[in-house]
Every structure is written in structure tokens, then in C-alpha cells.
Amino acid sequence: MTRPFYLTTAIDYANGDPHLGHALEKIGADVIARWHRLRGEPVHFLMGMDEHGQKVHQAATAAGSEPGPWTDAISERFNTTWHRLHCSHDDWMRTTEPRHTRAVTALLERIQATSPSHLFQGEYEGLYCVGCEEFKQEGQLVEGKCAEHPSADLVPTRERNTFFRLSAWRDDILASIESGELRVEPAIRRNEILSVLRSGLQDISISRSRLPWGIPFPGSVDETVYVWFDALINYLSGTGYPDEGWDTLWPADLHVVGKGITRFHCIIWPAMLRAAGLPMPRMVWAHGYVQWDGAKVSKSEGTAVSLDEAVDRHGADALRWFLMREVGFEADGDFSFERFDARYASDLADGLGNLASRATAMLVKYRDGVVPESPPPTTLDDAAMALTQEYVTAMSTLALRDAAAAIGRLVSEADGFVSASAPWALAKAGDDDALDAVLAALARTLLRLALMAAPFMPEKAGALWAALGQHGGPEGQWARAERPEMAGMTVIKPENLFPKS
RNA sequence: GGCUGGGUAGCUCAGCUGGUUAGAGCGCACGACUCAUAAUCGUGAGGUCGGGGGUUCGAGUCCCCCCCCAGCUACCA
């Protein structure tokens, strides 16, 4: 059996509601997962929640609740939201689940066994930011506050706890990233990490005393595992670790994370794995942030852009499209309803949707919906083939925005082809051969478009797929985008794929 | 302060190792068509390529200085 493509998103911190910033990451990862399934590869796609730590404890308490019920409710809300956005994760990992706790304990014990000197006792004193769940250095402060959480006070804290010898792994990790054993993309993120590594690493504290809401530190009575150390291990618990068979999924092929947490994923996490004698993940992709009129929409200082409102606007698929096509999965990008509306109208309603309508309407009108026998090539087939190749290249380098753009260009090519060949004139003139050639080429192009759009807009692509007389789903059918064959198949005109209110 | 990216038409962005009148999409104006969700197609207007020097026969594309934006980082998490 082929080893599955194992990809993960970051697990979100259970202290608020899901918003657009979270959604970008989940959708981007979902597009990647669906792309692999489209090509017939087995996929294991993990998402989940990060539920331990001081901030969750505080949020629950402030809400007059207990951490347990509180995180149950939040976890449910997130997972429901992701399903509403058509995320196709195979598993949902909560760090409060026994299977995760077991994996954390097992990994720590394995580190202890493999690299005994890498866990040691120490004392730390510093200013702790509850929002970040980490200590801050003087130089990181802005007006005496944490730059990420200016509304919260920093807490002077002194703790005796367990340290992890992160510094020992600097050269190893540096070499791994430079050699490509651990790929860090896009390049700007890799440069940042390399620069951090070159300037040296500090050992880190990985336990917390006096904090009950966490996983008990193995061998200690009053310490819990530092929430970041805990959280990262979810990628391993998602494989079933330490039960037999976990290594059919590990190492992960791809961790999709936000640019703000690349260090945890590209330095601390690989070091943890190395210390345990386990392989590093193959790749970390750090996406940018969604901005709202230039302002950051973060998990912590969340700008109030209602995800529900955005979904209700034009539907989940349209939101997915907008985030991938305009906001992008690499650098930061802006979200606004004005831009969303414009994209919806031009790319989807007047673009893909209208093309599907006009092409299927002509097939029904002139040929009773039966795609005529008229093999390629036409000028449209040639253009479509080239764009299909561009799409493949873009998808395989995770240039999701470029891939989406290729879809838009194919729609334009097809519209131009219709105008240039004027099938209605061919019908009037009774030029059946020429009309057949045009209609057949359009049918092939719609099939391609349904397949290319499937990772981005699964519901709409599925509706188009069905209207083209295809059974089942597009999953596993990518080869047909490269050699589309539609002759003899019966198409119907679908309901408006993207209605204009 | 250091480092890394970026600053190209109103908006979103392409422009590899320097080479004819700087491109695309959206939006806008005008025209055409009628298969289609009043959709589509064509044409046009619109840019001193952040600013200033320099190298070159020739620079958006190389070098130097400056300005602005974003991020990372800085006498221990």
C-alpha cells in the first residue's frame, strides 16, 4: 500500500472563536489535501485544537466555566466551522484527548532514554506573557508590554523547572534545512529561520509548575508540560504514536502553519524529534496573514471579521476562492467585502459560472446535450493543455494563487474561443462539422475546469462534474484533465453555479 | 540598530541571467455580438516602474545613498 501523504495544520488555541485568519490556513491546507486526493494519492489530513495552558485556563475561569467543558464547546465550534468551509480533514486531534497525552508522555520518555542529558533541571526568572505562553525579553517589549498583546500585563515569574537542551541541535538543524532534508517554504521564512539558527539558540524550559491545566510532566509531581512542547506533539499523536503502525504516517510530509510560529515548527519541533531519535517532518509551509484594511487579523488580538458573515455572503466555496485567489497563501493579503464582491462577480458569476451556463446551454440546444464526436486539437484544446500544465506546476510548488489564476485564464480562453468561433452562426449556417468541433472542445474544457477547480471549490466543482454527466466525484480522476474525453456523454445545463443575488 | 522581503497603471499583481513604443486581470469609457447568470468579445484612456546619484551604447532589471511598508532578530525561553 502506498504510504499516505500526511499533512497537518496548526492546532488552534482554544480561547476564542474561529476567524478569517484561522480559515485561510485550514482552507489552504485543504486545497493541498484535495489536490493529492484528486491525483489518486492516499492522504491523511490532520487538524485539531490546542487546549492546554494558562490562557485557556484563564479564559474558562473568566467565563465562569471549567477548562474541560469550556474546551469541549470551543473545539466543537471550530470543527463545525471547518466542516462548513468544506475542510476534508481525516482526523481531529484535541490535546486533551488521552491518545495525545499518551503520545506526549511517550515522546518525553523516549527523549529521556535516547538523550538523557538533554533534559535537565534549571531555574528561570523573567517576564511572562500569558497571551503568548512564553517569557519575554526586555528588547522584545514595546512600552513595557508584549508587542502581540499590548492590552495584557506581563507577569514577573520565577520558576524551577525542566529544561530542554535546544542549543545542542543548532548545527544539525541548520544543516538539515540547508540541505533540504527539512524544507522550509516560502524562501523568506527559510531565510528568517536560518538567520535565527546562525545567531545561536538558547535552551528552553519545557515544564511549568503551579499550572494544573496541562499534561503531567513524567517523573514530576507538580510540573506540567509547557503548552508549546505539548502542542507540537499533536502531529505525532495523529499517527497513533506510540502504538504499532505509527511510522506508516511519520514523518509528516507537510506542516502548514502561520508565519508567526515558524520557529516552533522549524527549530524546536525538529530538535525534539532528533533528541528522541525520530525523523523530522519533510516540509513546513508558513503562510502569511489575512489583513483587514491593512490591520492584522490574528488569533490573539482577533479583529472582529465574522467568518459566518463572510460565508453567508456568497457561500463557502466563494470564500475559499477569494482567500486563495486574492489573499494568497504566501505573503499577507487583504480581505474586504468590496474586493470579495468584485472577485465573486468577475471570476465566478460572470466567469466560470457563466461559461458553464453558456457552453452547456449550447450543447443542449444544438445537440440535445450529447457531446459530439470531434477529437482535439482545437486552438482551445491547445491553450487548455498549456494552462493545465501551468496549473500542475503551480500546485506542486504550493503556489496556490498561481494555480487559481490558471483556472481564471482558462475561463477567459474559453470565452474568447466562443466569441471567435460563434457557434450560433455555425448553427444557422448548418455547418455541423464546425459546430461539433466547437461544442466538443467546450465540453472537454469544462471537464478540465471541473477538475482544476475541485481542490478550491469542491461543492461547485462537484455540481459542474455532475452536470457534465460524470458519476462519483472527481477524486482520483486528475488524469482526465490531461486527456479529456467527453464524446458521447450527455450534459445538462446546471443550476446557476454562482448566482448573482 | 542588524538582517530578510517588498515599494511597477485607481485596485490585485507579472516582469528570468540588463536590450525595440513597461505587461495581465479587475474597475472605467466606447464599440460589437446574442449561445449565456444584462453575461461575453474587441478597442481605448490610465504608469517620470518609491526618491536621488552612478555603471553601461542601453536599467523597472546591476552598484551606492535615502524614504516608506511588512516581518524576523538583538545583554538568557
Side-chain angles (χ1 to χ4, degrees), chain A residues 122-129 132-140 147 157 159 161 163-164 166-167 186-208 226 228-229 258-260 262-264 267-268 286 288-289 291 294 296 322 325-328 330-334 336 338-339 341-366 401-402 405 408-409 411-428 435 438-439 442 493-501:
Chain A
E123 187 168 80
Y124 182 75
E125 179 176 8
L127 292 171
Y128 192 82
C129 173
C132 296
E133 295 286 7
E134 65 181 25
F135 285 94
K136 293 292 171 184
Q137 300 168 15
E138 294 280 329
Q140 287 180 283
T157 306
E159 282 191 359
N161 43 34
F163 279 67
F164 173 60
L166 181 65
S167 59
I188 179 175
R189 275 21 303 175
R190 180 170 60 247
N191 291 342
E192 282 177 9
I193 291 300
L194 289 174
S195 141
V196 171
L197 285 166
R198 287 180 184 124
S199 69
L201 295 178
Q202 303 294 329
D203 294 334
I204 58 170
S205 159
I206 59 164
S207 73
R208 292 288 180 271
Y226 172 45
W228 260 111
F229 208 84
K259 65 180 185 180
T262 43
R263 269 195 306 158
F264 291 96
I267 297 176
I268 298 179
Y289 291 144
Q291 304 197 319
K296 178 181 172 185
F322 181 78
R325 178 67 187 85
E326 172 128 346
V327 176
E330 187 166 334
D332 294 353
D334 250 17
S336 73
E338 191 182 4
R339 296 292 306 164
D341 292 347
R343 277 285 177 198
Y344 179 78
S346 64
D347 290 357
L348 301 181
D350 299 346
L352 180 58
N354 182 244
L355 175 68
S357 285
R358 67 192 308 207
T360 52
M362 286 189 284
L363 277 155
V364 169
K365 181 171 181 175
Y366 300 132
R401 176 188 221 155
D402 293 343
R409 283 164 60 205
V411 170
S412 293
E413 286 289 344
D415 275 328
F417 178 75
V418 172
S419 292
S421 48
W424 48 90
L426 298 173
K428 270 183 197 154
L435 182 55
V438 172
L439 296 176
L442 285 172
K493 184 177 171 184
E495 288 297 304
N496 278 2
L497 290 175
F498 303 98
K500 298 174 94 169
S501 56

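FYI, side chains are in, hydrogens and waters are out, and symmetry mates aren't considered; it's all heavy atoms of this structure. Labels below follow one simple rule: chain letters A, B, ... track the order of the sequence lines, proteins then strands, and each chain is numbered from 1.
Comparing B:rU34 with B:rA29, their C1' atoms are spaced 22 Å from each other, to the whole Å. Rounded to whole Å, the separation between the C1' atoms of B:rC49 and B:rG6 comes to 14 Å. When the P atom is used for both B:rC68 and B:rC28, the distance is 36 Å, rounded to whole Å. Nucleotides B:rU48 and B:rU61 have their P atoms positioned 16 Å apart, rounded to a whole Å. For the P atoms, the distance from B:rC26 to B:rC3 is 42 Å, rounded to whole Å. Here the separation of B:rU56 from B:rA9, taken at their C1' atoms, is 28 Å to the nearest Å. Spacing between B:rC16 and B:rG60 at atom C1', rounded to whole Å, works out to 14 Å. Nucleotides B:rC57 and B:rU43 are separated by 37 Å at their C1' atoms, to the nearest Å.
One can place CD of A:Glu330 at 14 Å from C1' of B:rA70, the figure rounded to the nearest angstrom. Remark: P of B:rC72 and NZ of A:Lys259 are 7 Å apart, rounded to the nearest angstrom. Rounded to whole Å, the distance from CD on A:Glu192 to P on B:rG2 is 17 Å. Rounded to a whole Å, the CG atom of A:Asn354 is 10 Å from the C1' atom of B:rC35. Protein atom CD1 of A:Ile193 is 16 Å distant from nucleotide atom P of B:rU4, rounded to whole Å. Here B:rC26 presents its C1' atom at 6 Å from CZ of A:Arg339, a figure rounded to the nearest Å. Atom pair A:Asp341:CG and B:rC26:P shows a separation of 17 Å (rounding to whole Å applied). Atoms CZ (A:Arg358) and C1' (B:rA36) sit 6 Å apart, rounded to a whole Å.
Nearest heavy atom pair, residue A:Arg339 against residue A:Glu326, reads NE-OE2, 2.6 Å. Looking at every heavy atom in both residues, A:Val411 comes nearest to A:Leu352 through CG1-N, 3.8 Å.
Closest contact between the side chain of A:Trp424 and the listed nucleotides B:rU34, B:rC11, B:rA36 involves B:rU34. Here the side chain of A:Asp415 is nearest to one of B:rU37, B:rC41, B:rC33, namely B:rC41. The nucleotide whose nearest atom lies closest to any side-chain atom of A:Val418 is, among B:rA39, B:rC35, B:rC72, B:rC35. Closest approach to the A:Asn191 side chain among B:rG27, B:rC35, B:rU4 is made by B:rU4 (side chain taken as heavy atoms from C-beta onward). Side-chain atoms of A:Lys493 lie closest to B:rU37 of the nucleotides B:rC11, B:rU37, B:rC35. You'll find that the side chain of A:Lys365 is closest to B:rC35, out of B:rC35, B:rA39, B:rC76. Taking the side chain of A:Ile188 as heavy atoms from C-beta on, and the options B:rU73, B:rC35, B:rU4, the nearest nucleotide is B:rU4. Considering only the side chain of A:Asp350, B:rA39 comes nearest among B:rC72, B:rA39, B:rC35.
Of the nucleotides present, B:rC11 is the one that pairs with B:rG25 by Watson-Crick or G-U wobble criteria, both distances under 3.5 Å. The partner of B:rA36 is absent, by the rule that a Watson-Crick or G-U pair needs both atom distances under 3.5 Å. Pairing partner, B:rG1: B:rU73, with both Watson-Crick or wobble hydrogen-bond distances short of 3.5 Å. With a 3.5 Å ceiling on both atom-pair distances, B:rU48 lacks any Watson-Crick or G-U wobble partner.
In this structure, A:Ile188 and A:Glu330 have side chains that are not in contact, with every pair of non-hydrogen atoms separated by 4.5 Å or more. Inter-residue side-chain proximity for A:Tyr226 and A:Ser207 is flagged as unmet; no heavy-atom pair is nearer than 4.5 Å.
Between A:Arg401 and the phosphate of B:rC13, there is a side-chain N or O to OP1/OP2 separation shorter than 4.0 Å. Residue A:Arg263 has a polar side-chain atom (N or O) positioned under 4.0 Å from OP1 or OP2 of B:rU73.
Contact annotation for A:Arg189: backbone-only contact, meaning every heavy-atom pair under 4.0 Å involves sugar-phosphate atoms and none involves a base. A:Phe498 comes within contact range of at least one nucleobase, with a heavy-atom separation under 4.0 Å. Within the nucleic acid shown, A:Ser357 comes within 4.0 Å of at least one base atom, counting heavy atoms only. Using a 4.0 Å heavy-atom criterion, one finds that A:Ala361 contacts the sugar-phosphate atoms exclusively. Using a 4.0 Å heavy-atom criterion, one finds that A:Leu497 contacts the bases of the nucleic acid, with or without backbone contacts as well.
With rounding to the nearest 0.5 angstrom, the CG atom of A:Leu439 is 11.0 Å from the OG1 atom of A:Thr360. Taking CH2 of A:Trp228 as the reference point, atom OG of A:Ser205 lies at 15.5 Å (rounded to 0.5 Å). Note that the CG atom of A:Asn496 and the CG atom of A:Asn354 stand 9.0 Å from one another [nearest 0.5 Å].
Ring-plane geometry between A:Phe164 and A:Phe229 is classed as perpendicular, the angle between the planes exceeding 60 degrees on a 0 to 90 degree scale with a lower cut at 30.
Checking A:Ser419 against A:Asn496, the closest nucleotide of RNA chain B that is more toward the 5' end is the one next to A:Asn496. Each of A:Gly260 and A:Ala187 was matched to the nucleotide of RNA chain B holding its nearest heavy atom; the match closer to the 5' end belongs to A:Ala187.
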